[in-house]
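Here is how names work: the chains are called A, B, and so on, in the same order as the sequence lines, proteins then strands, and each is numbered from 1.
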2 protein chains.
Amino acid sequence: MILKSQVEWALHCCAILAGLPEGRYLSTKALAELHGLPKEYLSKALQNLSQASLVETTLGPSGGYRLAKTPSDINFLEIVEAVEGKARSFTCTNIRANNPCRPEGYCDSKPCAVARIMWEADEAWRDTLRRVRLSDLVGTLSEEVPADIWRSTFEWVLKRAG
Amino acid sequence: MILKSQVEWALHCCAILAGLPEGRYLSTKALAELHGLPKEYLSKALQNLSQASLVETTLGPSGGYRLAKTPSDINFLEIVEAVEGKARSFTCTNIRANNPCRPEGYCDSKPCAVARIMWEADEAWRDTLRRVRLSDLVGTLSEEVPADIWRSTFEWVLKRAG
DNA sequence: CTGTTTTCGGATATAATATGTCCTTAATTC
DNA sequence: GAATTAAGGACATATTATATCCGAAAACAG
């Protein structure tokens, strides 16, 4: 049960987009070069963010991506689900129903007890991600990354945005 | 990020094994037929449980599997990790290190902030599973499954255990 | 208007993993 | 000795993740 690498890429890209000056866009090319990622494939992750209305896009030179909402209005779960999908990690195939001792057409009132427990754990995972806002990540980064590196990173990336 | 179907199989098999009379074993064949699963493939899941010391085995006719511990001494996480592995769902490839504005050989004191958040969510998932004991599942099942179905299921399955 | 740059989506190819089957070996029971 | 079992290796197939390529439409600069 491993998350797609696109999840990691999307989170890092959102962290960069959160620090963009007002009105500026970053292209797939710039984000890919900054992180050393395949441009065409990263593009799929960014398209997922766009479909989830987490980022806005514009075409042409100096076009690209920017956040569609304030970093404090975006949480981790939204980003993760945008690229990973909303499906639960545990899928119940209802194998209890194969039990030959069950009456024909026997219908349980509740979903399978095993599934309920696995789904509860899944919810705990989602709750944790839901509670972390993109602005929290930005805050942590600005504490931990030396200010000059952080600043020059944006100069570097904006130079590539035309 | 989907768990293997073997996880579901292992959990249901453990629930059955938890209700076995003292000293009895259940074969792969019996467990496979009860749940309508491919015998050879289910066998791989049961081998994982055995390697994790969650079940004991014996060979020959009337051989098979039984729990190695009391149901209250086995939690869900042990079972899930036995077949799914202990690896975290999020793997950090440290793409921040590609940033061309970072000094050569720049070494962060802490692991990536993104990874720390994702790992925290992973821990929340594991904590939930760790807190649920196999005996809890058995308790729920004995409440929700009609007693006669539950009883005849064990008669059915033990008949196939020779 | 023309050429360049961009996102977007479809099509395709490759690699990795999950799923499933088959077979041999050794242990156990009868 | 014959039947039955778990263990595990080898193999085949299906599904998914990863990656690349291309064409269309939009935006912009000259």
Rounded to the Å, how far apart are B/R24 CZ and C/dT28 P? 19 Å
Side chain to side chain contact (heavy atoms under 4.5 Å, CB included) against B/P61, all qualifying residues, sequence neighbours excluded: none
Side-chain contact test, heavy atoms from C-beta onward, threshold under 4.5 Å: evaluate it for B/L49 versus B/C14 and give yes or no. yes
Side chains of B/T128 and A/W125 in contact at under 4.5 Å (non-hydrogen atoms): no
If I take atom CG in residue B/L26 and atom C1' in nucleotide D/dT4, what distance separates them, rounded to the nearest angstrom? 15 Å
Here the distance between atom C1' of D/dA19 and atom NE2 of A/H35, to the nearest Å, is 19 Å
Taking the nucleotide of DNA chain C with the nearest heavy atom to each, does A/K39 or B/T58 sit closer to the 5' end? A/K39
In whole Å, I'd like the distance from the CZ atom of B/R160 to the P atom of D/dT4. 15 Å
Indicate every side-chain donor-acceptor pair of residues 53-60 of chain A with a distance under 3.5 Å to a residue at least two apart or in another chain.
from	atom 1	to	atom 2	distance (Å)
A/E56	OE1	A/R66	NE	3.0
A/E56	OE1	A/R66	NH2	3.3

Of the nucleotides D/dA27, C/dT28, C/dT21, which one has an atom closest to the side chain of B/P38? C/dT21
What is the distance, to the nearest angstrom, from the CG atom on A/L17 to the P atom on C/dT7? 11 Å
When rounded to whole Å, the CG to P distance for the pair B/L37 and C/dG20 reads 9 Å
Where the side chain of B/R102 meets the backbone of B/N98, is there a donor-acceptor pair that is under 3.5 Å apart? no
Is it true that B/R96 and B/N94 share a donor-acceptor pair across their side chains at a distance under 3.5 Å? yes
Listing time: all N or O pairs from protein to nucleotides 8-12 of chain C that are below 3.5 Å?
from	atom 1	to	atom 2	distance (Å)
C/dC8	OP1	A/S50	OG	3.0
C/dC8	OP1	A/T57	OG1	3.2
C/dC8	OP2	A/Y65	OH	2.6
C/dG9	OP2	A/Q51	NE2	2.9
C/dG10	O6	A/K44	NZ	2.7

With no hydrogens and no angle check, just 3.5 Å: does a side-chain donor-acceptor pair link B/Q47 and B/S43? yes
Return the value, rounded to whole Å, for the distance between atom CG of A/L42 and atom P of C/dT6. 14 Å
Would you kindly give the CE-to-C1' distance between B/M1 and D/dT15, to the nearest whole Å? 18 Å
Considering only distance and modelled atom types, tabulate donor-acceptor pairs under 3.5 Å from the side chains of residues 130-138 of chain A, sequence neighbours left out.
from	atom 1	to	atom 2	distance (Å)
A/R130	NH2	A/E123	OE1	3.1
A/R130	NH2	A/D127	OD1	2.9
A/D136	OD2	A/R133	N	2.8

Closest to the B/Y41 side chain: D/dA19, C/dT19, D/dA3? C/dT19
Kindly state each residue pair satisfying side-chain hydrogen bond (donor to acceptor under 3.5 Å, both in side chains) with at least one member in residues 3-12 of chain A, sequence neighbours excluded. A/Q6-A/Y41, A/E8-B/T93
May I ask you to evaluate whether A/S27 reaches the phosphate of C/dT5, defined as a side-chain N or O under 4.0 Å from OP1 or OP2? no
Does any residue of residues 2-12 of chain B have a heavy atom under 4.0 Å from DNA chain C, and if so, which ones, in number order? B/K4, B/S5, B/W9
